[in-house]
Amino acid sequence: MTEVTLHCGDSCSVRCLGHATGAPDVCAAVSCLMYTAAGWLHNTQEAELVHEKLESGDAYLRWHGGKWLYDLLKIGFLQLEKMAPEKISVKF
């Protein structure tokens with residue numbers, strides 16, 4: 001199971017731990033969300049990327065600004081959890 005933890009305060013962050021074993025579509029969707037967010041953070045002046053770790057089974061992003069990105073990721077991960085609750089868990 002993939003465990004996703006999102007936080008938004010002075011900075012925003014998202015952490016994804018584990019694999020959605022037996023569900024490559026869920027793993028691909030998690031990777032897509034995380035790599036898209038990282039790409040935007042690398043290429044914008046609207047937010048500051050503070051920490052990045054994108055490894056298989058352990059991904060983490062933390063940034064300042066760009067709260068809309070947090071909201072977008074929250075919606076995306078909640079949609080995945082609704083589709084496959086046995087494969088992904090989302091916490092705030």
Side-chain angles (χ1 to χ4, degrees):
M1 173 174 283
T2 301
E3 295 179 358
V4 178
T5 305
L6 295 121
H7 171 78
C8 193
D10 291 339
S11 63
C12 296
S13 66
V14 59
R15 178 128 198 210
C16 302
L17 286 173
H19 290 281
T21 305
D25 54 338
V26 174
C27 282
V30 168
S31 294
C32 182
L33 285 168
M34 292 298 285
Y35 277 93
T36 298
W40 183 79
L41 288 165
H42 279 281
N43 291 288
T44 188
Q45 294 181 356
E46 294 178 39
E48 176 191 359
L49 180 60
V50 177
H51 186 82
E52 173 185 39
K53 180 180 185 180
L54 297 173
E55 296 178 5
S56 179
D58 188 4
Y60 178 75
L61 295 171
R62 185 165 55 96
W63 66 96
H64 294 291
K67 181 174 181 311
W68 71 267
L69 179 60
Y70 169 85
D71 294 334
L72 182 81
L73 290 170
K74 181 178 176 182
I75 291 167
F77 284 118
L78 285 173
Q79 289 293 335
L80 284 175
E81 183 182 45
K82 184 177 179 180
M83 180 188 80
E86 70 286 350
K87 300 295 182 183
I88 184 169
S89 169
V90 180
K91 299 184 291 186
F92 307 98

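When all heavy atoms of A47 and G66 are compared, the closest pair comes out as CB-N, 4.0 Å. What you find for L41 and L61 is that their closest heavy atoms are CD1-CD1, 4.4 Å. Nearest heavy atom pair, residue L6 against residue K74, reads CD2-N, 4.1 Å. What you find for E81 and S89 is that their closest heavy atoms are OE2-CA, 3.6 Å. Across all their heavy atoms, A59 and M34 have their closest contact at CB-CE, 3.8 Å. Listed here is the closest heavy atom pair of E46 and T44: N-OG1, 2.9 Å.
V14 and M1 are members of different hydrophobic clusters when ILVMFWY side chains are connected at heavy-atom separations under 4.5 Å. One hydrophobic cluster holds both F77 and M83 under the rule that ILVMFWY side chains link at heavy-atom gaps under 4.5 Å. By the criterion of side-chain heavy atoms lying less than 4.5 angstrom apart, applied directly or through intervening Ile, Leu, Val, Met, Phe, Trp or Tyr residues, L72 is grouped together with F92 in one hydrophobic cluster. Hydrophobic cluster membership differs between V50 and L69, with clusters built from Ile, Leu, Val, Met, Phe, Trp and Tyr side chains linked at under 4.5 angstrom. Cluster annotation: Y35 and L17 are assigned to distinct hydrophobic clusters (Ile/Leu/Val/Met/Phe/Trp/Tyr, side-chain heavy-atom contacts under 4.5 Å, transitive).
We find the CD-OH distance between E55 and Y60 to be 14.0 Å, quoted to the nearest 0.5 Å. If you take CG on L78 and CG on L73, they are separated by 10.5 Å, rounding to the nearest 0.5 Å. Interatomic distance, H64 NE2 to S13 OG, rounded to the nearest 0.5 Å: 10.5 Å. H7 NE2 to R15 CZ: the interatomic distance, rounded to the nearest 0.5 Å, is 14.0 Å.
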Practice problem: Test ring pair (Phe, Tyr, Trp, His ring centres under 6.0 Å) on W63 and W40 and set out the steps. | Solution: CA-CA 11 Å; W63 66 96; W40 183 79; 8.3 Å; no

Exercise. Please assess H19 against V26 for the test side-chain contact (heavy atoms from CB on, under 4.5 Å), listing each intermediate value before the final yes or no.
Key: CA-CA 9 Å; H19 290 281; V26 174; over 6 Å; no

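When each of V90, V4, I88 is checked for a side chain to side chain contact (heavy atoms under 4.5 Å, CB included) with L80, only I88 meets the rule.
In this structure, the side chains of E52 and L54 come closer than 4.5 Å at one or more pairs of heavy atoms.
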